[in-house]
Number of protein chains: 2
Amino acid sequence: MVLSKTCNHALRATLYIAAAPDRTFVPIGEIADQLGISFHFLTKILQILTQEGILRSFKGPNGGVAFARPAAEISILEIIIAIDGPALMEKCLLGLAHCSDEHPCPIHSQWVRIRSRLQNLFADTSLKKLADRVHHQGYRLADR
Amino acid sequence: MVLSKTCNHALRATLYIAAAPDRTFVPIGEIADQLGISFHFLTKILQILTQEGILRSFKGPNGGVAFARPAAEISILEIIIAIDGPALMEKCLLGLAHCSDEHPCPIHSQWVRIRSRLQNLFADTSLKKLADRVHHQGYRLADR
DNA sequence: TATATTTAAGATATAGGAGTCTTAAATCTT
DNA sequence: AAGATTTAAGACTCCTATATCTTAAATATA
Ligand code: FES
Ligand code: FES
């Protein structure tokens, strides 16, 4: 798969926050319930995003998580790299070490093309942009 | 990652066979040695391709594996699907069930575009095409 | 026929990702 | 101050991909 399951959870959760009506903090329990993700597991995932400076959090009643910066300025590429690391954008499609133009594998040039399209898509797509589609066009963030 | 490690091995092994000088059967031990893959593991992987009708095999001295059809007629998509299954070309980027135009997630339309480019690349790329690059342009199939 | 070579098949082990559980810390409400 | 709510952190379990090991079956050669 292109993105890990953990990364799927992270993206859906951040999109949920971005699509939520204006609230200071959104409790993780609510996100987990709405998206059908294990609460403890999601807590751990969002902790990473908090540590990365993408989210900020607040403990106690009325606490939860929120974006550290406006959702319009956070690309999904940031989320993907925070969770899955940069491998997707760097590694050889055949699994060889050191993907590079200097020592290409036979599929390298074609793969690099598609990969950079993908990277551009991820870099140019903000959480807000996608959240608006959820909010206005009813696109889904959960099964069913 | 896009392709599993098992799939990487399968692709590199089949490319090795396709790039090998004209021989009836190539022993798995030789492939494993040349590509730095565990012999027993590679055996198991190539067994799947044999069962799928992509390779044929022959036991005993001078035995090994060979293509069931000309390498020019085998796309790397076939290898990928035989090993990793069709998930890459079918599943939602956000991990939701039933990726479809009818019930899209917010990134669906962009993902489908890139995914179909990828599928076209894989479907249009034969093992022979890539093997020729190894043979004639010295592109690598193994580390270093 | 005996031996060596090679794939087939299945059991077993290892590692990492995914998910659960428990306890602690911070904050609010009463 | 006490209790309820919520995130933080770490230990632990579970599952799957990856890898290894062992034995069997087929085939060639001598
Ligand atoms: S070297 Fe294989 S994709 Fe770049
Ligand atoms: S529904 Fe998510 S990519 Fe198609």
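Note on naming: letters A, B, ... go to the chains in the order of the sequence lines (proteins, then strands), and numbering restarts at 1 for each one.
- Between A:T6 and the phosphate of C:dA18, there is a side-chain N or O to OP1/OP2 separation shorter than 4.0 Å.
- In this structure, CD1 on A:I107 lies 8.5 Å from CG on B:L11, to the nearest 0.5 angstrom.
- Of the two residues near DNA chain C, A:H9 and B:L46, the one whose nearest nucleotide lies more 5' is B:L46.
- If you measure from atom CZ of A:F39 to atom C1' of C:dG19, you get 14 Å, rounded to the nearest angstrom.
- The distance from the CG atom of B:L55 to the OG1 atom of B:T14 is 7.5 Å, given to the nearest 0.5 Å.
- On the nucleic acid side, DNA chain D contacts chain B at distances under 4.0 Å to non-hydrogen atoms, with the end points of that region at D:dT18 to D:dT29.
- A:D84 places its CG atom 16 Å from the P atom of C:dG16, with the value rounded to the nearest Å.
- Within the model, atoms CD1 of A:I76 and NZ of A:K129 stand 9.0 Å from one another, a figure rounded to the nearest 0.5 Å.
- Between atom OG1 of residue B:T125 and atom CD1 of residue B:I79 there is a gap of 12.5 Å, rounded to the nearest 0.5 Å.
- Counting heavy atoms of neighbouring residues, nucleotides and ligands inside a 6.0 Å radius, atom CZ of B:R140 exceeds 12 of them.
- For the segment residues 54-63 of chain A, the set of residues with a heavy atom within less than 4.0 Å of an atom of DNA chain C comprises A:F58, A:K59, A:G60, A:P61, A:N62, in numerical order.
- Pairs passing the ring pair (Phe, Tyr, Trp, His ring centres under 6.0 Å) check and including a residue from residues 40-62 of chain A, sequence neighbours excluded, read A:H9-A:F41, A:F25-A:F58.
- Side-chain atoms of A:Q34 and A:Y16, non-hydrogen and from C-beta on, do get closer than 4.5 Å to each other.
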Detail all sub-3.5 Å separations between protein N/O atoms and N/O atoms belonging to nucleotides 12-15 of chain C.
none

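- Cluster partners of A:V112 are absent, since no Ile, Leu, Val, Met, Phe, Trp or Tyr has side-chain heavy atoms less than 4.5 Å from it.
- Contacts of B:Q51 with the nucleic acid, taken as non-hydrogen atoms under 4.0 Å apart, involve only primed sugar atoms and P, OP1 or OP2.
- Screening residues 51-77 of chain B for salt bridge (Lys or Arg N to Asp or Glu O under 4.0 Å), with sequence neighbours left out, gives B:R69-B:E78.
- Between the CD atom of A:Q47 and the C1' atom of C:dA18 there is a distance of 16 Å, rounded to whole Å.
- Taken from CD in A:Q110 to CG in B:N120, the straight-line distance is 13.0 Å, to the nearest 0.5 Å.
- Atom P of nucleotide C:dG19 and atom CD1 of A:I28 are separated by 16 Å, given to the nearest angstrom.
- As rounded to whole Å, 13 Å separates atom P of C:dG10 from atom CD1 of B:I48.
- Counting to the nearest Å, the P atom of C:dT5 and the CD atom of B:E30 are 15 Å from each other.
- Separating the CD1 atom in A:I74 from the CD1 atom in A:I54 is a distance of 6.5 Å, to the nearest 0.5 Å.
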